[in-house]
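Order of the sequence lines sets the chain letters (A, B, ...), proteins ahead of strands, with each chain counted from 1. The analysis underlying the following values was restricted to heavy atoms, covering all of them including side chains, and did not include hydrogens, waters or symmetry mates.
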Amino acid sequence: MPVITADGLYKVFGRRPERGVEALRQGRSRADLREDGLTAAVIDASFEVEPGEIFVVMGLSGSGKSTLIRMVNGLLPATAGELRIADRALTSMKPAEVREVRRKRISMVFQHFALLPHRTVGENAAYGLEIAGVNRAEREKRANEALAMVDLEGWGSYPPSALSGGMQQRVGLARALAAGTDVMLMDEAFSALDPLIRRDMQDQLVELQQRLEKTILFITHDLNEAMRIGDRIAMMRDGRIVQVGTSEEILNEPANDYVSRFIQDVDRSRVLTASGVMEQPPAVLGAGQGPRAAHKLLRETQNPWLVVLRRDRTPAGVLWEEDVARAVREQTEDLPWSAEHEMPVVRHDAPIADLFAASARHLSPLVVVDDEGRFAGVIPRVTLLTAAGALGGEQDAVTTITGGTPVLDTTGGETR
Amino acid sequence: MNGTDEFFLRIPLGDWVDQGLDWLKANVEWLFDAFSWIILLLVDNLTDALLFLPPLAMIAIFAAIGWLVRSWPFAIGSALLFFLALTFDVWEPMMQTMAQVLIAAAIAVLIAVPLGILAAMNSTVSALIRPVLDFMQTMPAFVYLIPTVVLFGIGLVPGMVSTVIFSMPPGVRMTELGIRQVDSETVEAGESFGATPGQILRGIQLPLAVPTIMAGINQVIMLALSMAVVGGIAGAPGLGQEVVQAITSLNVPMGVEAGVGVVLLAVYLDRLTAALGDKHARNTSLLTLLTKARAQRATAFA
């Protein structure tokens, strides 16, 4: 069952916001509402977040993402629609029940850290537990554990102002972790940090999430960040969710022009993984077969190489046409492995940016394996280059000559 | 139209207030008597306490308090200030005025801070209170003396009541401002961890508003002091009475000495209360040093 379910959520600000919801349902636009003095922040948002998932809501400022995340823990009540935490509808709870849900199930990390400046780092980390009525000894213990998780052991007695921005946000993270909730909301949590620290924090978050199996709803305006950490991404624009999908789905099948314009700037070679570009070879050979069988397959498939798999489907190596032909001529029984035709093996989740070097060093295609080391597919060099070419859209830089005079595209620079 | 001609419409606001006062006097006089009794009790006791020790001992105590909350240079300065007042021979009226100012300011703060909190929590309350505060602050302070003398009689109390009314507004305003300017994300942080409005007020908003509230309290005390002379007109003993006497008898030396006494008292109370709200001003105070030493001992053991 999903941990967070949003079902047709609306948030309209202004006097008598219900009329705004009614107008939106009848197809009137956000601009129409503004003339009536209403601001539609979130319009008909529906999504589900599964347990243990990092779900990223991505959008520019004013797209309603911050409003949306505040509806998930009830900081902002929904104007219409339903929000459920597990099977309980937050939208129809009494204030005391909502507070109970916040104490037990949902914690939050803020863009500008929102630490309490008059309390020490340790007291900040223990804040959620203090509110939940946990006794002092227990909450100090758990706060220290949480601080250790974010590499801040020994900082407990300092005031937050003595810490750098990155460290302060780790206190914010520790405060959310110490609360022991299974859901964490992160509102542009890393946006105020400088790029290097942001990357470290992203890695640390993914690592913590894998270890603790928290469900994380993450808000960001940075698509690269969304693609780096998100299992699934919801793209928001003008209050509406325009697409929900994995980063590859969004890159490969953008739902509309807005999304496709957005993903133009993404470094796709960091997002697309080996499994996204790999292909299935026309045939594979069992490791128990001999050179003749290999020769037959090569001839049938018109392919210069052949992947050999062991009985457990782990790759044993790649055979090349000329080696196989020689082995058949010399009537040897063993498969003809050769040192210069060694086989590069990559994991299915390796970003393709990391594949180019290996592909350049080896003649043979890259062999992709899954988590258990079993064969998943191959990436011949041409496939990799084609995929890389489709990513960048750099046609303007190249003039294709079909014979005769080259036609130089002089406007190319300006039109982009 | 001639200015002395009567306009066709005359709203007898003054008469209404007068009738209202008569009604109050006739029906709830016991309330004013009780109020009077409490104020007199507080002020008389505090005055007696301030005059109990010989002036030099009191000067030492004032200097010690100055060191405790601000710094040792301030302690020396305040000792000099009070010594100066002693040489002017205005010690007794000065202590009387100090007692009145402190009690009036305390009452004003006790009313102002809760009102300020209420105004910060509720915009309707805030909108209702604001014009009332403007009225209280801009009405010439002497005007308060008339109804208060009617209700409480000549003496200390009407001056005290006028002082409370006149000095309260900045306390309310600064409390409201202090709470409202607490970073909204920090308040959200409290909410997002399931804190109740009361927990947020006590644990986040009030502690973070303390500097602003203290600045408000400082203003309350200063305004209360500025009312000392007004209290003197209604018959309250103290520096105000000295000033009033000096005016009626055109006694320049008496007037100057009493006036400077008010200034000296103002300087001391202002610097003292300002230090309570400003961390940097009390960097070298005895209190800060003691807290630091204790914190160091605690971390040394940990």
- [ ] Check whether any side-chain N or O of A:R99 sits under 3.5 Å from a backbone N or O of B:A195 as a donor-acceptor pair, and report yes or no.
- [x] no
Open item on the list: Could you check whether any side-chain N or O of A:R103 sits under 3.5 Å from a backbone N or O of B:G194, counting only pairs where one atom can act as donor and the other as acceptor?
Closed with: yes
Task: Listed once per pair and sorted, the ring pair (Phe, Tyr, Trp, His ring centres under 6.0 Å) pairs that draw on residues 175-196 of chain B, sequence neighbours left out - done: none
TODO: Go through the atoms of B:S184 and report whether side chain, backbone, both or neither lie under 4.5 Å from a heavy atom of chain A.
DONE: neither
Task: Nearest-0.5 Å distance, CG of residue A:L115 to CG of residue B:D183 - done: 10.5 Å
Open item on the list: I need the full list of ring pair (Phe, Tyr, Trp, His ring centres under 6.0 Å) pairs touching residues 115-167 of chain A, with sequence neighbours left out, sorted by first then second residue.
Closed with: A:W155-A:Y158
- [ ] Can you measure from CD (B:E191) to CG (A:N73) and round to the nearest 0.5 angstrom?
- [x] 9.0 Å
Task: Shortest non-hydrogen separation from B:S192 to A:L75 and the atoms involved - done: N-CD2, 4.0 Å
- [ ] Give, as side chain, backbone, both or neither, the part of B:I204 having an atom under 4.5 angstrom from any heavy atom of chain A.
- [x] both
Task: Pairwise side-chain contact, A:E130 with B:Q199, heavy-atom cut-off 4.5 Å (strictly under) - done: no
Task: Salt bridge A:R70-B:E188, side-chain N to carboxylate O under 4.0 Å - done: yes
Task: Heavy atoms from other residues, nucleotides or ligands near CD of A:E100 exceed 12 (cutoff 6.0 Å) - done: yes
Task: Distance in Å, A:L116 CG paired with B:T186 OG1, rounded so as to fall on 0.5 Å steps - done: 7.0 Å
Task: Part of A:L129 within contact of chain B (heavy atom distance under 4.5 Å) - done: neither
